[in-house]
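This report concerns only the one structure given below.
Chain naming here is simple, since letters A, B, ... match the order of the sequence lines and numbering starts at 1 in each. Here the structure is a predicted model, which means the values were calculated and not measured.
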Amino acid sequence: GGCRQAGQAGKPVIGASMLSLQSEFIVKVKDAMEAEASDRQIRLIVNDAQRAAVTQVQQVESFIAQGVDAIILNPCEMEASSPAVQKARAAGIPIINVNSETTAEPDGFVGSRDEESAEIALQHIASLLRGKGNLVIMHGYMGQAAQLKRAAATKTLLADFPEITILAEQTAEWDRAKAMSLMENWIQSYGNRIDAVFAQNDEMGMGALQALEQAGLKDKVIVVSIDAIDDALRAVKDGRLDATVYQDADAQGRQAVQMALDFIQKRDSVEERSVYIPFRLVTRGNVEEFLK
Amino acid sequence: MELLRAENISKSFAGVRVLDKVHMKVDGGRVHALIGENGAGKSTFMNILMGMYPADEGTVFVRGRPVHFAGARDAMQYGLSMIHQELLVFPELTVAENIFMGRQPLSRFGWIDTRTLQRKARELMEQLGVDIPVAKKMKELTIGSMQMVEIVKAVSNQASVFIMDEPTSAITQKEAEILFRIIALLKGQGKAIIYISHKMDELFRLADEVTVLRDGKYIGTRSRAGLEMGELISMIVGRDLDKLYQKQKTFPGPVLLEARNLCSEGVRNVSLEVRRGEVLGIAGLMGAGRTSLAHALAGMEKITSGEIRLNGQTVSINSPRAAKNKGIGLVTEDRKQWGLIPDASVKQNIVLRSLKKHSRGILLDQRREKAVADREMERFRIRAASRNQAVGSLSGGNQQKVVLSGMQLTEPELIILDEPTRGIDIGAKQEIYQYIASLTTRGKAVILISSELPELLALSDRILVMREGRVKAEMERDKASQELIMQHAMAE
Amino acid sequence: MNMNEPLPLVSKLAKRNYLRKYGMLTAFLLICLVLSLLTPGFFSIQNTTIILRQVSINGILAIGVTFVIISGGIDLSLGSVVAFTGVVAALFAHPGEYPLIIALGMAILAGLAIGGVNGLAVTRGKVAPFIVTLGMMTIARGLALLASDGRPVTGLSDSFNYIGGGSVLGVPIPVLIFGAIILLSSFILNKTRLGRYLYAVGGNEKAAYASGIRVNSVKVLSYMICSGLAAIAGIVLASRITTGQPNAGLAYELDAIAAVVIGGTSLSGGIGSIGGTVLGVLLIGVINNGLDLLNVSSYYQQIIKGAIIIAAALIDRKK
Amino acid sequence: MNMNEPLPLVSKLAKRNYLRKYGMLTAFLLICLVLSLLTPGFFSIQNTTIILRQVSINGILAIGVTFVIISGGIDLSLGSVVAFTGVVAALFAHPGEYPLIIALGMAILAGLAIGGVNGLAVTRGKVAPFIVTLGMMTIARGLALLASDGRPVTGLSDSFNYIGGGSVLGVPIPVLIFGAIILLSSFILNKTRLGRYLYAVGGNEKAAYASGIRVNSVKVLSYMICSGLAAIAGIVLASRITTGQPNAGLAYELDAIAAVVIGGTSLSGGIGSIGGTVLGVLLIGVINNGLDLLNVSSYYQQIIKGAIIIAAALIDRKK
Ligand SMILES: Nc1ncnc2c1ncn2[C@@H]1O[C@H](COP(=O)(O)OP(=O)(O)OP(=O)(O)O)[C@@H](O)[C@H]1O
Ligand SMILES: Nc1ncnc2c1ncn2[C@@H]1O[C@H](COP(=O)(O)OP(=O)(O)OP(=O)(O)O)[C@@H](O)[C@H]1O
Ligand SMILES: [Mg+2]
Ligand SMILES: [Mg+2]
């Protein structure tokens, strides 16, 4: 129940459980949420689930016990984070998913379809390759929602391009240093045969890029990745990285808080219950828009 | 009746043969002594009988039937029980648990009945005349008490052959008598005992037969009747030996160290002085506080009150390092805990304490270390495969020699020797006695703690007797006797 | 530095002895006190239930690894075993396929098998436990990914999900399981020969061997107990998140070992108790919960958490 | 003394001794052989250079932790120290702000300070090294996140980036640094008194103390050397990925400790060598590289990697 332990000065209280505050993108979402919360005089409690769904479930349980007014969930996993959603709903506390989905349906959703990002990236690769060539793929940490969705979308999309061959795919665990080593090893075994690299996030994309540059192969190989972190945007601007996919952290964070406040104020009469913020391809042509 | 026979047992470690076709036969109702120099292979031989190591070749027979032990467990099932030379205890467990490890009494429901365990342990202790609280943790006991627990543990096994590897090296006369009584009891029950010791008087008192090993080879077996000390010693060392104790006349010089009302853990209000050129003996029963006193003087234990003067000047000795720098050297009684780095080589252990002296600035001087180690190994007759052998794999007596040689390389003025001849063979003992004599003639001062009264009487110029952490008596050498010492050492 | 064991010099030592024995308990109570002063919600039945449920998985793992550590080993494969056994359980827990007992049984069998392999590699293979279980950490993770084809195994039966989500008389089932394991394992360690043999083997392996103890069997058993309990933790976790997640349990071994060590069990073996481990588990749980309740920012949270763990150990310092 | 003479069993023992001494080397060469048969590109100067560059960071860390482990301790904070010092270096490495030496100096100072704190908590505080460095693992990670505000620190100067990316006469600079550290640390361990004292303290702390060695100072130094080297690894990593990453170095400590243990250094202290550690580092590096070259699917890669590590240790088994 709603026995408002947590809200002391009558300010509404929102509890947020974030996927990982060691991920640059999630930190941006969090920053936007905090900015919005302070604009709107809301107390925001941010917990870091450190990529563990069970921690996330526990944090939501704690929020329920503390009697927060609304919960924002940035899910670690589709299914595994679902109990958190169910518990919040059972306790009658509005819960909004930000950035990605869970199997259990929350009260509200602000974010994007992760599959879309991979589709956009691969479309771009395919068009740069003119539908023909050899591709290597760097996966995120195996089994995590983002890795799975981006991998699934890759598979469906590539079905349309029978002349694009996957030379190799492997995990670099979202990590730049690991991606660099992996790329070096691939260069060693495939040499000039690699035409393009798709990395499931920018960190890995940057790692692949650096390895290619060191091997003097960057001119021959296309590199595209996802997230549009600052480093990647700059690389796109400098013409090093071919493209990245932008996801609007600021809009996601701000709108999630707005929606939570809506639920607190209007309860069941909230109309706009799902906000999709589309991904956008960033290339040298439009990168200036995204660089602050 | 023959209970145990071993034939043609050989064993090598890392390519070095330490047992070469040795044999032995043990009969029920007899004590069979096994003797030999340090490193002769006695412990290795017994460990093979006990299934602790596999033999490279040879056969063991129990009651005439050949057996093959895959481990100590098998040997125990065939009725063997052993007191190991090194303490094999569980420091964190209680005395009672140590005794009954592997055969704890179970309740009707199959779980351990702690109360019965303790009661049985207490009964056993009483029966054997040992006085150690059974609920105490093993690590809280002194080495001597631990040794007694090990004895109790071994003899409480329902065995027919008892192997005792230097059971008296860590205990005083008083406890040794308890063991001797137990041995007589076992003998009376028709059990066989294999007894290893370097103490000749014990051998003559206990043994019915004696088997001698030298350099891993079987030398011979003699029965008690007609056995002569001289012959035995030349069998052991392969040559004749001079008289064991040869105390030269000493001329004590000025006072080197003076302690006033010293208090520390286990030491209460002790005052003493040692002169240059003098050997001060300290006697006492187990737990009398002799080791604690040695530790206090050598900076190993904090001094809570009292004063120490060196050469007439008050000094503070708050660490072994300070003691070393002030010219005090200690040979610890507990070499395993305080004396040796077991995995390091003989060479490294010998030079460790005096490393600074034997190096060039912060750099090691390996050539010099080798030379020093070779010289010391020669001088103390340390028997090792090479100077690079890990010291932990040396025989017990040889380890003791390494400790001694390491200490004296720091060239101390005051040498504290806590049970220095523990586990040392008769030849080496003589060398240590000569070494002590050479120290005093060079004007050094020696404090000698020993539970072997003949040794203490023969070597000391003066003897202090301790009890309960205090000095209870002081006597000049010519006035001292075993009886008088024991009288002061025991409670009134 | 005074390395000798002190004599009972009553006055000064009484205090020191108290701290020696109850140092970690004192530290724990202190932390609880501070937290209940700082956060109104901390000291309540509801929050206590939450904390207990939160710690139960780490608690089960920590108890398992206590067995291994007491016997002188270590187990780094725990986290991966949690993932693998969770996936195995989930694969057999789709509604209407097999009875619940099959899912549980298969997971526990998988755990026991892994423990057996660890134990044999350590005893027969004579490989250092650190290497064996580090290798197994990678292997079991690979097996989890392979068995699940890298995807979470979802759509589990309600009866399975009830294990992690349900309560009996207000007590969450994971807490009940944790409690039962505490009782059982204290009993094994203190009252059975196996328990005492574990201490003996960890305290002095050679002496244990000389006492006729089957050292190898005891060690193998300790690894099997540990992995078997990890399988139970895997089941609880999978049912709590209603998924067999191949990437679950990352670095769980570290939290479990930390709890054991904080609880006074020595990594060199032969010393330790279930009570200590439980205290260590609670300490970590309370810190995590309290810092979340206080809404300490995540970066400071890490710094404070690390500092509190060291500080608690300082109060508890031995020797 | 006839004990020195070789004996009839020579042939068999020679073999056993050979394996005892060179077991891990044999295992390593075997793996290299298999890999060069399976993959054409494996056995080439180019690939050797790649492997060496890839292992150099883990190598530097492993050498550092070898010091700590030989002296009887452990350091779990390595990975976080890599991240923290990398961030510190990056903060001072923006072009045109400070000279390069400041960036390097600050990072190394930060590393040494952390090592000092670890060492003091272990010696003066008498807290178990496992707990101290586990706490520090969390603290340093928090510091890294705090210092960088949770974001990668980018836009570093070319001279800084040259450390990780540049080469001298075809040899990558990280490899040169690794090589220099190998030489220097072998020298310290084998040729100086400090080295001897490290072994003594790890072999038997009490005996070392009784021998008049400043046990505490030796231990503190070992932690400082370890964290200092971790700072160098942090610099190399940051400059290799041209970013100060607060979340870099996750679980690096495990890889480093694994390499040390595979290399024959005993976790109970007193035994070990830099040569062994380097072999362990290369073994892990070659496996990682080879499996990538063979394009083994990532599930199997993990299983195979774990199995090879255990198998190599089996060949090397001691006793
Ligand atoms: N594990 C081992 N590794 C290598 N050498 C060993 C090992 N154990 C014993 N040795 C060697 O075997 C020889 C015999 O040792 P053993 O302990 O049997 O002698 P001992 O007769 O019992 O001597 P002491 O009277 O000193 O106890 C010694 O040279 C010793 O160095
Ligand atoms: N670590 C310890 N813990 C508890 N008591 C101790 C400890 N060390 C020594 N003592 C006690 O201090 C007293 C003196 O012991 P100490 O070892 O100095 O006697 P000792 O005369 O040398 O006897 P021993 O012949 O056994 O060496 C004894 O009562 C002993 O029980
Ligand atoms: Mg012997
Ligand atoms: Mg004594």
Side-chain angles (χ1 to χ4, degrees), chain C residues 1 3-4 74 76-77 80 117 121 125-150 246 250-251 254-255 257-258 261-262 264 266-268 297-314 316-319, chain D residues 74 76-77 80 117 121 123 125-132 134-147 149-150 205-206 209-210 215-216 246 250-251 254 257-258 261-262 266-268 297-314 316-319:
Chain C
M1 193 166 75
M3 310 193 89
N4 229 359
I74 190 84
L76 301 175
S77 65
S80 304
V117 173
K126 294 191 174 119
V127 179
F130 187 93
I131 300 186
V132 169
T133 59
L134 186 85
M136 187 54 85
M137 170 180 176
T138 327
I139 293 175
R141 180 70 60 191
L143 290 176
L145 287 164
L146 206 61
S148 65
D149 198 19
L250 268 182
L254 217 59
D255 262 358
I257 297 171
V261 178
I262 289 172
S266 154
L267 278 179
S268 38
S297 106
S298 154
Y299 307 154
Y300 284 108
Q301 218 178 83
Q302 305 214 36
I303 297 174
I304 295 173
K305 188 177 157 186
I308 292 181
I309 288 176
I310 297 178
L314 266 173
D316 184 48
R317 66 199 189 166
K318 301 267 154 36
K319 260 189 208 168
Chain D
I74 189 86
L76 301 175
S77 65
S80 304
V117 172
T123 54
K126 291 182 179 137
V127 178
F130 188 93
I131 299 186
V132 169
L134 185 84
M136 187 53 83
M137 170 181 177
T138 327
I139 294 175
R141 180 69 60 190
L143 291 176
L145 288 163
L146 207 63
D149 200 18
E205 187 174 332
K206 286 180 170 181
Y209 175 68
V215 172
N216 284 353
L250 268 182
L254 219 59
I257 297 171
V261 178
I262 289 172
S266 154
L267 277 179
S268 38
S297 106
S298 55
Y299 311 155
Y300 286 108
Q301 213 178 86
Q302 305 214 37
I303 298 175
I304 295 173
K305 187 176 158 184
I308 293 181
I309 288 176
I310 297 179
L314 268 171
D316 185 48
R317 67 197 188 169
K318 301 268 150 42
K319 259 190 218 166

**OP:** For chain D, find which of D149(C), V132(C), L143(C) contributes the most heavy-atom pairs closer than 4.5 angstrom.
**Re:** D149(C)
Original post:
Where is the tightest heavy-atom contact between Q302(C) and L145(D), given as atom of each residue plus distance?
Top reply: NE2-CD1, 3.5 Å
**OP:** Answer with side chain, backbone, both or neither: which region of L146(D) has an atom nearer than 4.5 Å to a non-hydrogen atom of chain C?
**Re:** both
Original post:
If we only count heavy atoms from C-beta on, is the L267(D) to I74(C) side-chain gap below 4.5 Å?
Top reply: no
**OP:** Heavy atoms only, distances under 4.5 angstrom: which of I262(D), V261(D), I309(D), I308(D) has the most pairs with chain C? Name it, please.
**Re:** V261(D)
Original post:
Which atoms of I257(D) come close to chain C, meaning under 4.5 Å heavy atom to heavy atom: side chain ones, backbone ones, both, or neither?
Top reply: both
**OP:** Compare all side-chain heavy atoms of L250(C) with those of R141(C) and state whether any distance is below 4.5 angstrom.
**Re:** yes
**OP:** Tell me, out of A128(C), S268(C), G150(C), A121(C), who's got the most heavy-atom pairs with chain D below 4.5 Å.
**Re:** G150(C)
**OP:** Supply the atom-to-atom distance N216(D) CG to Y209(D) OH, rounded to the nearest 0.5 angstrom.
**Re:** 9.0 Å
**OP:** Any chance you could measure Q301(D), atom CD, to T138(C), atom OG1, to the nearest 0.5 Å?
**Re:** 11.0 Å
Subject >> Residue among P246(C), G135(C), A251(C), A311(C) with most heavy-atom pairs under 4.5 Å to chain D >> reply: G135(C)
